[in-house]
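Contents: one structure, followed by commentary.
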Amino acid sequence: MSGDWASLTVQAFTGTYGINYGRIANNIPSPDEVVTLLRAAKIKNVRIYDADHSVLKAFSGTGLEIVVGLTNGQLQDMSVNADHALNWVKDNVQSFLPGTHIVGIAVGNEVLGADDLSLWGSLLGAVKNIYNATKKLHLDEMIEISTASSFAVFADSYPPSSCKFKDNVSQYMKPLLEFFSQIGSPFCLNAYPFLAYISDPEHIDINYALFKPTKGIYDPKFRLHYDNMLDAQIDAAYAALENAGFDKMEIIVTETGWASDGDQSEVGANVSNARTYNYNLRKRLAKKKGTPHRPKNVVKAYIFAIFNENSKPGPTSERNFGLYKADGSISYDIGFHGLNAGDSSHLSLKNIHNPGLSRSYAVVFSLSAFILLNFWC
């Protein structure tokens, strides 16, 4: 490791578009091949759910910016052992800098609101010990500490202005938010219109969930109209933060996506809807706009996920969120292309940046030319 890493200053999120690199599968491409995919797609922001060294080595020298994860299974140990937290940061973060651009540490995932109540009380201690470790190693100004929450932390999210944290969550959430506000961390939200839709397809307009033309909803307290569910979900989280006294905290969407297959009961989990959601989401993020309630807070989101993960438990949808199939080919066409350079017909990227255009197609003549001409958004 060279000695100049301490002079690095990095942003935890560049632009508006990122992706989650889940690896609960036994048949997906190698980390080196993933680098090729991400660079070709011009996706710079990446989250992983652990700190796997083979991934961190593969990302070295690539310019990709990665958020590593401390798993839920490590929280209790890290919350009571500051020396373990220090060693973890040394081994999994410091030792890979500056070659690998590690820009954040996600401490646990969807802990509050989940079934394992024993972890709720460990989260803040783990967050503080990991942060203090980065401070001791003089990494605190370049590594952002966060944790992602699901909608299970909210008591009600419709209409958005009514959203609050659940009473049993608040006693854990408020001290966590207080600490995050002190160290400048955002509120990380896993937001899935897909999950909301499949839970109540009779009453939720599929077009509203997919960013398609619709009458939308009106929030009488905010006096605002919403034409898509993701914006409404984000503003619901902002309302909960305001209600808890944290009206200046930014929200980052750390997961969102749509399954391309599902069980019979998972209405709407199909390739057509997955393509529509992710294509329209990419267009929406490219506009670099805020939400109706927070128009100045540009929406930033990590898509879930790179690959279909065949070893994930649960319903069929859990194994079918990937923009890419396990063989590296695209699951559907939203403007990216697979590892096979023979895939030559793809949605024009001009189309992504100019939402007024109808669907058009462009031929990518060579992977190397594509990377050269279009490196990073």
Side-chain angles (χ1 to χ4, degrees), residues 16-17 19-20 150-152 154 156-163 189-220 222 224-237 239 251 253-287 289-293 299 301-305 308 312 314-325 330-336 347 351-352 355-359:
T16 59
Y17 195 93
I19 201 160
N20 287 279
S150 74
F151 264 70
F154 302 127
D156 188 16
S157 59
Y158 181 84
S161 60
S162 69
C163 192
L189 177 70
N190 293 349
Y192 285 93
F194 168 76
L195 295 178
Y197 175 74
I198 66 170
S199 72
D200 192 11
E202 290 184 13
H203 298 103
I204 295 175
D205 179 5
I206 186 73
N207 293 329
Y208 179 62
L210 294 175
F211 303 95
K212 293 174 74 174
T214 175
K215 67 177 183 179
I217 69 158
Y218 180 73
D219 187 319
F222 279 167
L224 293 170
H225 178 262
Y226 288 88
D227 61 10
N228 72 83
M229 189 186 291
L230 183 65
D231 279 4
Q233 289 185 332
I234 295 168
D235 277 354
I251 290 173
V253 177
T254 35
E255 287 183 20
T256 190
W258 198 285
S260 60
D261 194 13
D263 296 331
Q264 192 170 358
S265 62
E266 297 181 298
V267 179
N270 58 56
V271 170
S272 176
N273 287 341
R275 182 205 169 277
T276 299
Y277 182 82
N278 280 299
Y279 177 67
N280 287 339
L281 173 63
R282 195 176 174 209
K283 284 199 301 182
R284 189 258 177 270
L285 294 174
K287 294 177 184 177
K289 291 175 63 176
T291 58
H293 184 53
V299 175
Y302 290 89
I303 308 329
F304 189 85
N308 290 335
K312 289 195 78 172
T316 299
S317 62
E318 285 290 331
R319 295 176 287 284
N320 289 280
F321 274 93
L323 299 185
Y324 298 90
K325 298 176 183 176
I330 55 174
S331 297
Y332 39 79
D333 199 341
I334 63 166
F336 302 139
L347 291 174
N351 207 17
I352 299 297
L357 294 175
S358 61
R359 291 183 200 167

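- Taking 4.0 Å as the cut-off between side-chain N and carboxylate O, Arg284 and Asp231 count as a salt-bridged pair.
- Of the possible donor and acceptor atoms, one in the side chain of Arg275 sits under 3.5 Å from a partner among the backbone N and O of Asp333.
- Looking at Tyr302 and Glu255, their side chains never bring a donor and an acceptor atom within 3.5 Å of each other.
- A donor-acceptor distance shorter than 3.5 angstrom exists from the side chain of Glu266 to the backbone of Asp263, with no hydrogens or angles considered.
- At distances below 3.5 Å, at least one donor-acceptor pair connects side-chain atoms of Thr256 with backbone N or O atoms of Ala191.
- In terms of modelled atom types and a separation under 3.5 Å, the side chain of Asn228 and the main chain of Leu230 share a donor-acceptor contact.
- Between Pro292 and Asp227 there is no side-chain heavy-atom pair separated by less than 4.5 Å.
- Asn280 places a side-chain N or O within 3.5 Å of a backbone atom of Leu210 that can act as its donor or acceptor partner.
- Of the residues Tyr332, Phe304, Trp258, the one that meets the ring pair (Phe, Tyr, Trp, His ring centres under 6.0 Å) test with Phe321 is Phe304.
- In this structure, Asn278 contributes its side chain and Ala274 its backbone to a donor-acceptor pair below 3.5 Å.
- The main-chain N or O of Asn308 is never found under 3.5 Å from a side-chain atom of Arg319 such that the two would form a donor-acceptor pair.
- The line from OG of Ser260 to NZ of Lys325 is 8.5 Å long, rounded to the nearest 0.5 Å.
- In terms of modelled atom types and a separation under 3.5 Å, the side chain of Thr16 and the main chain of Leu285 share a donor-acceptor contact.
- In the model, Thr291 has a side-chain atom that pairs as donor or acceptor with a side-chain atom of Asp235 under 3.5 Å.
- Looking at Asp219, its side chain never comes within 3.5 Å of a backbone N or O of Leu224 through a donor-acceptor pair.
- Note: His293 and Phe222 meet the aromatic proximity criterion, with ring centroids under 6.0 Å apart.
- Counting heavy atoms from C-beta outward, Gln233 and Pro193 have side chains that approach closer than 4.5 Å.
- Side-chain polar atoms of Asn190 and Ser150 form no donor-acceptor pair below 3.5 angstrom.
- Looking at Asp261 and Val271, their side chains never come closer than 4.5 Å, going by heavy atoms from C-beta outward.
- Taking the six-membered ring where the residue is Trp, the centroids of Tyr197 and Phe194 are separated by 6.0 Å or more.
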- prompt: Would Phe211 and Tyr277 count as a ring pair (Phe, Tyr, Trp, His ring centres under 6.0 Å) if you check the C-alpha gap in whole Å, the side-chain angles of each, and the deciding distance to 0.1 Å?
  reply: CA-CA 7 Å; Phe211 303 95; Tyr277 182 82; 5.2 Å; yes

